[in-house]
Amino acid sequence: MPKPPAKKSAPRRTSARELVFGDLWEFDPAPETADPKLKKRYDLFINGEFVAPKSGKYFPTISPGNEAKLADIALAGAADVDAAFQSAQKAFDGAWGRMAGSERGKYIYRIARLLQDRAREFAVAETMDGGKPIKESRDFDVPMAAAHFFYHAGWADKLDCLAPGRRVAPYGVVGQVIPWNFPLLMLAWKIAPALAAGNTVVIKPAETTSITALKFGEILQEAGLPPGVVNIVAGAGETGAAVMTHPLAAKVAFTGSTEVGKIIMRSLAGTDKKMTMELGGKAANIIFDDAPLDQAVEGIVNGIFFNQGHVCCAGSRLLVQESVASTVLAKLKRRIAVLRVGDPLDKNTDLGAINSREQLERITALVQSGVDEGAEIFQHACKLPAKGFYFRPTIFSGVTQSHRIAREEIFGPVLSVLTFRTVEEAVEKANNTAFGLSAGVWTDKGSRILKMSTELKAGVVWANTFNKFDPASPFGGYKESGFGREGGRQGLLDYCKLI
Ligand code: NAD
């Protein structure tokens with residue numbers, strides 16, 4: 001007689017305290033003190049000036065770190081978006097459209113320098129509005145945003161070298177919509193190449209992180225950028241749709257979820273707008289048994305817990321070779337048990353706040369699905385602040401490819417661990433996803449790196465490192481992660497017509 005199926009045991013929640021000896025040393029609080037120079041109210045930036053929305057409507061933006069209200073943000077309606085496009089078109093038809101690349105380059109360079117001058121102020125504003133740790137906004141987001149402007153300033157007078165044998169020309173007005181995970185950096189990725197190529201811009205930041213985008217308007221004024229070259233409108237999905245579908249938008253560039261990307265693509269089907277889409281991801285970080293394991297563990301931690309996992313290219317699936325799986329898992333657990341989760345403005349903080357209550361609920365629901373589907377959960381046992389949106393670093397082991405946590409983008413600090421035995425199995429599992437944004441390979445063998453990087457269907461493959469960026473290096477996806485590139489020569493070409 002067949003045996004009755006074994007009863008599924010309840011998932012075991014391991015406490016970090018089981019794994020570390022003694023308590024984590026307490027550090028004195030070290031809050032960043034630079035003044036973010038926040039205003040109580042932010043207006044739209046249209047035609048070189050801050051203007052009240054025609055609708056008269058404002059919406060609050062709060063700090064996810066403590067839920068305190070930071071400012072009121074102007075809500076752009078269709079009439080405001082139209083005014084922004086009219087001003088961008090006028091600037092394109094006027095002085096900006098006729099300006100020599102060498103002159104445009106000077107403006108872009110000036111923007112980069114001004115951003116550097118006000119770097120600390122922007123970093124604090126970014127952390128307060130978005131929830132990311134100050135050490136990330138200070139050491140990564142703001143310097144990288146400035147680096148993108150520097151890089152593209154250098155291209156503005158060399159566009160003829162972009163495509164040898166062809167002439168290049170700007171499209172005209174570009175409509176851009178960006179997400180909340182790297183608010184200023186995504187803005188730089190969008191605006192810098194657009195300006196270098198000679199386009200003008202209407203851009204919309206995400207509704208939960210509008211402050212640094214609108215502060216950026218102050219930098220444009222300081223740089224003396226001609227009115228209308230860059231226009232910044234704020235609001236949620238409706239405003240974003242108005243930007244993407246405006247008749248004057250010759251090209252649109254979107255970064256955000258695959259779901260919204262598809263809505264935009266459907267709404268633009270049949271138009272002649274040029275499009276680039278930077279969408280979601282479900283990256284695999286693949287560890288072979290010959291990898292330097294301690295280094296790999298640091299890479300995995302950086303890959304998924306950096307910015308609370310609010311990273312499109314986050315290494316959210318760990319594929320580890322079976323022979324070293326238990327060693328790697330033990331090292332990982334020990335490592336996350338000493339991560340500091342808390343006040344984003346504290347310089348000691350490793351993981352700050354989740355960007356919004358909605359995102360926290362989405363992460364919580366997906367983690368619950370992992371527990372319900374039978375994966376084994378390990379969570380950092382740290383105390384979370386009483387106010388604000390926080391989530392413990394989480395590792396799931398015993399994950400199979402059919403689990404939701406292995407298939408869906410969680411966009412939070414949650415790692416799903418799967419195992420493999422052969423190179424072929426690793427490639428197959430890594431590619432078994434609707435996405436294709438990035439991947440990581442950890443091995444001692446150069447030939448294996450080359451094989452993996454040609455067989456993995458991902459726009460970026462990092463070898464023995466993870467989450468490394470450079471303005472000269474193109475970034476973008478395969479499959480449902482989108483199309484088009486940002487950064488490098490390829491990214492700039494996406495803002496140019498070839499003649
Ligand atoms: P989201 O798609 O919800 O929102 C992104 C932006 O689109 C926001 O500004 C939002 O207001 C706007 N929007 C919403 N509905 C819209 C509509 N119908 N028309 C036009 N605009 C609309 O994404 P999110 O939650 O803000 O960001 C997280 C997502 O972004 C993740 O999926 C992540 O992977 C992705 N992302 C991708 C990259 C990349 O380079 N591939 C980079 C960063 C983030």
Side-chain angles (χ1 to χ4, degrees), residues 59 61 64 73 75-76 78 81 129-132 141 144 148 175-190 202-210 213 232-246 249 252-268 273 275-283 304 306-316 354-363 366 408-412 433-438 458-460 467 469 473-487 491 494:
F59 61 95
T61 188
I73 309 287
L75 175 64
V81 171
D129 202 23
K132 62 176 60 196
D141 294 56
M144 200 43 116
H148 271 265
Q176 303 175 325
V177 170
I178 52 175
W180 45 259
N181 60 338
F182 292 92
L184 187 69
L185 184 56
M186 291 296 109
L187 172 144
W189 280 23
K190 293 269 181 286
V202 176
I203 189 166
K204 188 197 85 68
E207 54 273 33
T208 54
T209 52
S210 311
I232 306 163
V233 292
E238 222 174 292
T239 312
V243 171
M244 295 283 97
T245 55
H246 196 281
V252 298
F254 174 76
T255 298
S257 61
T258 296
E259 192 191 343
V260 173
K262 285 181 183 176
I263 295 173
I264 294 169
M265 283 188 264
R266 277 196 292 271
S267 68
L268 297 185
K273 290 187 198 307
M275 243 189 273
T276 43
M277 293 277 151
E278 299 288 348
L279 309 175
K282 191 75 190 171
I304 183 63
F306 172 60
N307 196 20
Q308 297 75 246
H310 294 339
V311 185
C312 49
C313 52
S316 53
I354 301 300
N355 181 259
S356 64
R357 187 181 296 283
E358 293 72 44
Q359 185 58 21
L360 180 60
E361 284 166 2
R362 214 170 293 153
I363 296 169
L366 273 161
E408 295 179 29
E409 187 182 38
I410 302 175
F411 223 56
T433 165
F435 301 105
L437 195 55
S438 62
V460 180
N467 268 349
F469 293 90
S473 175
F475 184 85
Y478 275 70
K479 303 193 276 186
E480 294 205 1
S481 291
F483 47 85
R485 292 292 178 264
E486 294 196 301
D494 276 332

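Both counts, for ligands and for their atoms, begin at 1 and track the order of listing. Along the sequence shown, the residues carry numbers beginning at 1.
- Closest to atom 22 (C) of ligand 1, if we only count protein heavy atoms, is Val260 CG1, 3.6 Å.
- Of the inter-residue distances, the one linking Trp180 atom CH2 with Glu207 atom CD reads 10.5 Å to the nearest 0.5 angstrom.
- If you check which protein heavy atom lies closest to atom 41 (N) of ligand 1, you get Leu279 O, 2.8 Å.
- Proximity of a side-chain donor or acceptor of Gln176 to a complementary backbone N or O of Lys190 within less than 3.5 Å is detected.
- Of the protein's non-hydrogen atoms, the one nearest atom 24 (P) of ligand 1 is Trp180 NE1, 3.4 Å.
- In this structure, the separation between NZ on Lys262 and CE on Met265 is 7.5 Å, given to the nearest 0.5 Å.
- When only non-hydrogen protein atoms are considered, atom 11 (O) of ligand 1 lies nearest to Glu207 OE1, 2.7 Å.
- Only the side chain of Leu437 comes within contact range of ligand 1, with a heavy atom under 4.0 Å; no backbone atom does.
- Distances between N or O atoms of Lys204 and those of ligand 1 include at least one value under 3.5 Å.
- Side chain of Asn307 to backbone of Asn181: a donor-acceptor contact under 3.5 angstrom is found.
- Each of the atoms 19 (N), 20 (C), 21 (N) of ligand 1 lies under 4.0 Å from some heavy atom of Ala241.
- For ligand 1, the atoms lying closer than 4.0 Å to a non-hydrogen atom of Gly240 are 19 (N), 20 (C), 21 (N).
- If you check each of Phe182, Phe411, Trp189 against atom 28 (C) of ligand 1, the one with the closest non-hydrogen atom is Phe411.
- For atom 36 (N) of ligand 1, the closest non-hydrogen atom of the protein is Cys312 CB, 3.5 Å.
- In this structure, the separation between CG on Leu187 and OG1 on Thr255 is 11.0 Å, given to the nearest 0.5 Å.
- Scanning Gly459, Pro179, Gly256, Gly280 for the heavy atom closest to atom 35 (C) of ligand 1 points to Gly256.
- In terms of modelled atom types and a separation under 3.5 Å, the side chain of Lys204 and the main chain of Ala242 share no donor-acceptor contact.
- In this structure, Thr258 contributes its side chain and Gly280 its backbone to a donor-acceptor pair below 3.5 Å.
- Proximity of Pro205 to ligand 1 is established by a heavy-atom distance of less than 4.0 Å.
- Aromatic ring centres of Phe475 and Trp189: separated by under 6.0 Å.
- Side-chain atoms of Asn355 and Thr208 include a donor-acceptor pair closer than 3.5 Å.
- Regarding atom 1 (P) of ligand 1, its nearest protein heavy-atom neighbour is Ser257 OG, 3.6 Å.
- Phe254 counts as a contact of ligand 1, since one of its heavy atoms falls under 4.0 Å from the ligand.
- Without hydrogens or angle criteria, Thr239 side chain to Ala76 main chain gives a donor-acceptor distance under 3.5 Å.
- Here the side chains of Val460 and Leu437 are not in contact, with every heavy-atom distance at 4.5 Å or above.
- Gly482 does not count as a contact of ligand 1, since none of its heavy atoms falls under 4.0 Å from the ligand.
- The contact set between ligand 1 and Phe475, taken as ligand atoms under 4.0 Å from a residue heavy atom, comprises 40 (O).
- Annotation: the span from Met275 atom CE to Leu268 atom CG amounts to 4.5 Å, rounded to 0.5 Å.
- Within the listing of ligand 1, atoms 5 (C), 36 (N), 37 (C), 38 (C), 39 (C), 42 (C), 43 (C), 44 (C) sit less than 4.0 angstrom from a heavy atom of Thr255.
- For atom 44 (C) of ligand 1, the closest non-hydrogen atom of the protein is Asn181 ND2, 3.4 Å.
- Side-chain atoms of Asp494 come within 3.5 Å of backbone atoms of Arg485 as a donor-acceptor pair (strictly under, hydrogens ignored).
- Remark: atom 13 (N) of ligand 1 lies closer than 4.0 Å to at least one protein heavy atom.
- Residue Val177 approaches ligand 1 through these ligand atoms, each under 4.0 Å from one of its heavy atoms: 6 (C), 7 (O), 9 (O), 12 (C), 21 (N).
- Of all protein heavy atoms, the one closest to atom 34 (O) of ligand 1 is Glu409 OE2, 2.5 Å.
- Nearest to atom 18 (N) of ligand 1 by heavy-atom distance, out of Ile178, Ile263, Ile203, is Ile263.
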